Protein chains: 4
Amino acid sequence: MNAQTQAPDACSCPHGQQVTNLHDTGLLTPVRVGAPIEDVVSDRAWLQAMLETEAALARAQARLGTVPAFAAEAISATVRAHTFDLRGLARRARAAANPVVPLVEELAAAVRDRDPDAARFVHLGSTSQDILDTAAMLVAVRGITLIVQHLDQAAEALAALASRHREDAMAGRTLTQHATPTTFGLKAAGWLMGLLDARDRLEELLGTRLPVQLGGAAGTMAAYLQAHDVPPPQASTYTTELTRAFATELGLAEPVLPWHTRRSPMADLAHGLNVTVGALGKIALDVLSLARTEVAEIAEPAGHGNGASSAMPQKQNPALATLIRTAALQVPPLTLTLVQSMASEDERPAGAWHAEWMPLRESLRLVGGAASTAADLCSGMMVDAARMRANLASTGALIVSERLSAVLGRRLPGRSAKSVVAQACRDAQASGRPLPAVLLEIPGISDVLSAGEIDDLLDPAQYLGAAKHFVDRALEHYSSRAHVARE
Amino acid sequence: MNAQTQAPDACSCPHGQQVTNLHDTGLLTPVRVGAPIEDVVSDRAWLQAMLETEAALARAQARLGTVPAFAAEAISATVRAHTFDLRGLARRARAAANPVVPLVEELAAAVRDRDPDAARFVHLGSTSQDILDTAAMLVAVRGITLIVQHLDQAAEALAALASRHREDAMAGRTLTQHATPTTFGLKAAGWLMGLLDARDRLEELLGTRLPVQLGGAAGTMAAYLQAHDVPPPQASTYTTELTRAFATELGLAEPVLPWHTRRSPMADLAHGLNVTVGALGKIALDVLSLARTEVAEIAEPAGHGNGASSAMPQKQNPALATLIRTAALQVPPLTLTLVQSMASEDERPAGAWHAEWMPLRESLRLVGGAASTAADLCSGMMVDAARMRANLASTGALIVSERLSAVLGRRLPGRSAKSVVAQACRDAQASGRPLPAVLLEIPGISDVLSAGEIDDLLDPAQYLGAAKHFVDRALEHYSSRAHVARE
Amino acid sequence: MNAQTQAPDACSCPHGQQVTNLHDTGLLTPVRVGAPIEDVVSDRAWLQAMLETEAALARAQARLGTVPAFAAEAISATVRAHTFDLRGLARRARAAANPVVPLVEELAAAVRDRDPDAARFVHLGSTSQDILDTAAMLVAVRGITLIVQHLDQAAEALAALASRHREDAMAGRTLTQHATPTTFGLKAAGWLMGLLDARDRLEELLGTRLPVQLGGAAGTMAAYLQAHDVPPPQASTYTTELTRAFATELGLAEPVLPWHTRRSPMADLAHGLNVTVGALGKIALDVLSLARTEVAEIAEPAGHGNGASSAMPQKQNPALATLIRTAALQVPPLTLTLVQSMASEDERPAGAWHAEWMPLRESLRLVGGAASTAADLCSGMMVDAARMRANLASTGALIVSERLSAVLGRRLPGRSAKSVVAQACRDAQASGRPLPAVLLEIPGISDVLSAGEIDDLLDPAQYLGAAKHFVDRALEHYSSRAHVARE
Amino acid sequence: MNAQTQAPDACSCPHGQQVTNLHDTGLLTPVRVGAPIEDVVSDRAWLQAMLETEAALARAQARLGTVPAFAAEAISATVRAHTFDLRGLARRARAAANPVVPLVEELAAAVRDRDPDAARFVHLGSTSQDILDTAAMLVAVRGITLIVQHLDQAAEALAALASRHREDAMAGRTLTQHATPTTFGLKAAGWLMGLLDARDRLEELLGTRLPVQLGGAAGTMAAYLQAHDVPPPQASTYTTELTRAFATELGLAEPVLPWHTRRSPMADLAHGLNVTVGALGKIALDVLSLARTEVAEIAEPAGHGNGASSAMPQKQNPALATLIRTAALQVPPLTLTLVQSMASEDERPAGAWHAEWMPLRESLRLVGGAASTAADLCSGMMVDAARMRANLASTGALIVSERLSAVLGRRLPGRSAKSVVAQACRDAQASGRPLPAVLLEIPGISDVLSAGEIDDLLDPAQYLGAAKHFVDRALEHYSSRAHVARE
């Protein structure tokens, strides 16, 4: 029975490393391959975070005098993830449905080797969820810190693009059609604003929303108190101080209460990751739209074989945007599991908690990869302002018909200016004649508009609204945020 | 062709109301039937919000002197949703894929009836998305304001429960099994903390994260400037002031830039609703767990035929918790669409924007219903503290074996106390003999533990850790938050 | 307490119809407004289906002689949904968390008015879930039958398009870039194949996968047997025959066992709806891609104000495709709830069952609207073959460089033909010179390729592969399926 | 620029294996650790499938005489995944956003080493998507074949349980409350039916729904024809035969047309996996419900440290059910991405295709782990029939009040039997007196029911309906299916 626990792997290394069949090399998720995030969220990194959590707990207990300093030191000296057999832990994790149970056994044995008297202080008073939740928060903080750095690189590049193209007109497109003119500067400023929104949500997470977990088996901290013979009158102070010391050791937030089954931090993480990948995905989607062969207003940075095709020598695919989009498509459903795990019954649920780990790791990894890729994309983006102008001009003056309509609206009070202009547009398109000529033939128009006025009204470059001011506003907002971030 | 646009409804009222086949009466979503939220998010309410948005825009323009006061007044006087044909607007919404296009036509006609000179100031410079997005924010603010009120009612009831049952011991349950003791007060305090987390997220939304939308066709505000002949040097000031005046009129936040395709506010809304329904769903799930026939520690408020069965006369179903759970199951997937709509290409996407409306309404409605239902559930919850004690005692002393293990751990340094206790537990269970007797027979145990000590160690009521202090901490946190809310 | 049960609505009609705030007119989901599906999945239609289910149960029991014929007739004569107060039922549904409990009371009263002796045979032996699940299957069958009709209309139009444009070359596009040529016929044939896939899945549903539900309170049919004093030896036969008679009455499938908590039919429904809306959404997405201003190869049917903008007179938005896409974006997350409801604990879950109803209705309604809209779109689609040719030519000969590469590969065995061609493509693009000229200058090329050969190789119309044969194959497949469908 | 492409890994093995930070050992997903599925869906296995696909293509081309036999042999002899550098391929996959491009380069080089003349026949006429989609289908077939085997093991165990406990009464529970009696045999039969539903869907997949992909760059197979100089008149036959030969080589289905952007197979896969994990998750959820400390009707197989806790020595957690549930919670959101990838624009989408790979792998792996774990759980499940009887008796006779109500309904025609019984139940519960005594005091009851009759009516074992017949029916259904499967 229970074949999964007993069957050996087909192949294993002398040092407990499995090398053949068990890799997750990123072959199926190239967006994150080679990105710094990989080191931070790997199985090895999770294990390291769990070990550091055990050590931090012992040190926090030592700070309060309830664990001897030598024991905390011995434990701290032992927590090196590479000395543990990851795959063996993964196997043995099945018995308890979580990896902390076997990890504590192995850690205690390793500490015992170093100092026999210290071993009994390992995991003292603790429960699997305290360790794993805290380690998850550590991993999340490290991942998000990296993501913020990538966002900052991308934001800097976008701010430069917005500034450089502040007045470069291009077609604004709605429902796939040319609408009214905008500028590429404003488009880049909009992307930048998206990244700043994401950054805000991530900073909020890093600030106060990723707390340590410290509750013990059923969330009362009874075993922590018991293990240290804390007398009842000091229970309140002791639990508060232990939690604070533990949080301080790890640089995590201090929770009001244990949150074993109050999973707001997971939902908050889901949100931060979604807003981030959503903002990155928006950039990717726009790049894809503007890189279309017929549009060709933007191209990706060349070099490094970027965008090659296995069949077509001429193709230059927007590979970076495609990679980013793969993350944007995968992350929201993944994080749904984090949100749905708020349905955690009793004092520890049978499954909802355990279902969080993979989606959290995978989401962090995909977002980290997307952010790193976006930094490359934004830094190297090739913008063809001439092509933007040409596309804008390609529909004749139709793209500014809204403006014409507005002016006529005031000068032809008794008539529907919008209908008049719409009809003229259709006639111009059908006949291939220029819109001004068609317009001036309509009875009454030449009474209120001169040919020169029409030409001005139909110049896209004169109908950019507040686009350049919006760029300025976004850049100011960016500067003020960057200032905050530096402090 | 285009049968959907042409076919008449089978039945319609003289006043444009459809009464037969088109209702959404809540038959399939009883969780929200009769809840105040229904009035606030109905189709009629959305229409009203769109009309108010048009009026607010006119008044904001009037404040800046670019629309005459009489026109703003005429428009404001005309915006009564019940005078518009909702179903007719819905039909005509198909042509533009949104309802604002026909609404503007009907509104202009209605204003014309009141004052022919005012009609041309309707929707001046605007675009469908400015109106619909702003109206969606208005609807959201109103819905969330209601939800916060329900949360406050539920929180007050939970605070009372936590206080009343501060020291009432019950079994803590993890992975469906008795783990170590806790108190019902702490459970209620945990639920309360969940609601306070939700309230925080909702207050954040109400504070600064639900802004007006004001961008015009492609987000440059060109038409707003054009319509009012604002000279270029004043464009920056004018657009800022118009946005501010518009936001002030509606009590919404002022955005840095238009956000037509930067949908962070939708993702933020999704998050707030998810955290709220997640916290409510956690309460429901625990009530369902504790109301099980065999557990019977909690019952729902009786009366009003609550919990009746169509077949079984004896049944008292936990109907309120079941209703709340229906919302908790439906909302996260619904809100996923809001998050995924961040993938909004160009200056207005062809579908992603339009796909937000139904999920947003339905999520608000379900969460509003769940919050209202939870207020009832928490206020009337019947707690059976005696049954809790009885269930706690039902496993003999096994539930506090952790404690025994901890104490033995220190007194039997050379041995694995956990293994000793585990074996004793198994023997006690197998033989039906009391755990103390089994323990004292194990060689070496009586040397380090007396029978009296064992009895003390195995009393669940003496192993509640910091539970009561955690209740106090949660209540303090609640008070400080409530204080903030009142200000 | 329990405000939701007690508070009256603000407004109600004399005939029990609520007209002001409770409508769901489709204002927020225009894709389905006016489509036949609306009548089939409305609250009224669900109620009607529940009533028909009660009547069918009585008739089935009458067939087996366990209910008197007069009673079955009286019940059958009473089940007219419009005589029931929908909103009242919705309100009272809260007490039991489902609408069947109050419905049975009202139905019994209505039957009693007609024939006092018949009333006690209403819902005899039954349970809420038997009625509601069976009614849901009825609603689903009716909805899917409509959807299949729309798919057939769309398929017919696509078959005609595929045939008409069998040899019309256009650019094949991969990762947004021109790749190699294809034909519009093949694109339409691919869309057609998608609809046929969807039709297959829907026919499968209609065939055997939407069964009646008949289990009684806990799935043993005990009450059905008890109510009719069926002696134990006949229990097996009786339950089989009752289920068969019930299924026959309603035209639904006969299940092997009751499926109260085995929700495969819901997951199957989710799948059928997803494949359908996915296939429709693929068409919409391609239309949106091809309708882009710069591409302009396809336009939507004009007329009926289709595609109007509230701001821009010149715009012709692809509104039908946009509407279809709104459904394609909303349905998969909605149906996720149906799939997740397979997590149904015990003999009836507390919430998972109840959470199915709204997502099922909304999904059916959106897919029905999308299918109806797609029938319009496909029937009226305007294809610009000349523009397709022009776009194809716009990249010079680059689009067929793959072909060149293949031929050179065989003639230049020692060299990487793909690299040679790629470099030539880049040089041609950079210099603006024609690719043939650039090629012939490369040492060794003129030895293996003549200028005439190069011209032939670079003619897109000569590089369409098996496109026209694939069109034929798809049309044959369509014909064979249509034949099956007609039988 | 483009740091991700350039930065070396921190550590690598001499044989190109990365061993430190890149593992996915299953630490975060213990449900699948050690299960056979791991070998079948690993990165290495995907690579192997891609290589086999390249070889099968060459052999299929050789069958048709368009590739020389020696070349097909050389390619077939070269495709050994362990000789390729997975991590290197993953890195280089970034340039084209898919791993086939670098793989083809490496494969060609490896073939060249073996036979320089054969290298140019590698990947001849092909495109990345043909290889990757076909390989994905291969991986899926292998994974699903394993899953079916696990389901068969679990089904056999469930059939035995259903048979053994055919008449063992237990409480049926609805909305968490005792409803009416059922049997454990029927519960196991219901689980069995769920697995048979899943098996049906999986067999359907294995039958015809997982086809090879063969379309070339834009789906016309132009390059396949070109590469082999197939004359136009033979294009139709050649493409048909090549596809058939390719499918035959790999044991996959033959598609009507290439399906690059018609992703029904992915949606079908999503469905099969969802129904499977849903059926497994239902078993797990019921086991969790029945294993609750207070219910204790089912326990998991003991041994192998199953269910240990890191803190509590006495706990025996239902770890297998918990593990299965982790998969049931994660898979539906993961597969959502597969369904949503039906939104594939043009001839190859920029992201939607690439986003399928990880969710497909992860879903297969989780379902494979869950199925293997369920086979263990079902085989070793410990059922306590005595406890079931005791729980059933624990509510006195209340659980069969439905029956009493039905009988009284016929004997007290003028009164509401259900109300009478409901009131008697409440009185019995409130007073602690037995229900029969309470009943007989109600005026008129003793006229129609004797005390002996009441005792019979209130015996749960006499109110099991057709439960045992349903068990028989399920077992017959199982036998007939198993027969089919063996053929």
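Lettering follows sequence order; numbering is per chain, from 1. Remember, it's a predicted structure, so these values are computed and weren't measured experimentally.
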Next on the checklist: Under 4.5 Å from any heavy atom of chain C, what part of D/Arg120 do you find: side chain, backbone, both or neither?
Outcome noted: side chain
Checklist entry - Quick one: do the C/His271 and D/Asn274 side chains pair a donor with an acceptor below 3.5 Å? => result no
Item to check | Region of D/Val339 in contact with chain C, defined by heavy-atom distances below 4.5 Å | outcome: side chain
Checklist entry - So, C/Arg201 versus D/Ser264: side-chain donor-acceptor pair below 3.5 Å or not? => result no
Checklist entry - Just one of C/Thr174, C/Thr182, C/Asp286 clears the side chain to side chain contact (heavy atoms under 4.5 Å, CB included) bar with D/Asp346, so which one? => result C/Asp286
Item to check | Heavy-atom contact with chain C under 4.5 Å, split by part of D/Ala119 | outcome: neither
Next on the checklist: So, taking the atom named CG in C/Leu285 and the one named CD in D/Glu345, what distance separates them when rounded to the nearest 0.5 Å?
Outcome noted: 5.5 Å
Checklist entry - When only pairs under 4.5 Å are counted, which of D/Ala279, D/Ser344, D/Ser341 shares the most heavy-atom pairs with chain C? => result D/Ser344
Item to check | Gap between atom CE of C/Met193 and atom CZ of D/Arg262 - 0.5 Å precision | outcome: 4.5 Å
Checklist entry - Is there side-chain contact between D/Phe470 and C/Ser236, with at least one heavy-atom pair below 4.5 Å? => result no
Next on the checklist: As a quick check of understanding, evaluate side chain to side chain donor-acceptor pair (under 3.5 Å) for D/Thr261 and C/Lys282, giving each step before the final call.
Outcome noted: CA-CA 8 Å; D/Thr261 55; C/Lys282 158 67 178 164; 3.2 Å; yes
Item to check | Interchain contact, D/Lys187 with chain C, by part (heavy-atom threshold 4.5 Å) | outcome: side chain
Checklist entry - Just checking, is any N or O donor in the side chain of D/Thr176 or C/Arg348 under 3.5 Å from an acceptor N or O on the other one? => result no
Checklist entry - Can you tell if the side chain of C/Met342 reaches within under 4.5 Å of the side chain of D/Pro332, non-hydrogen atoms only? => result no
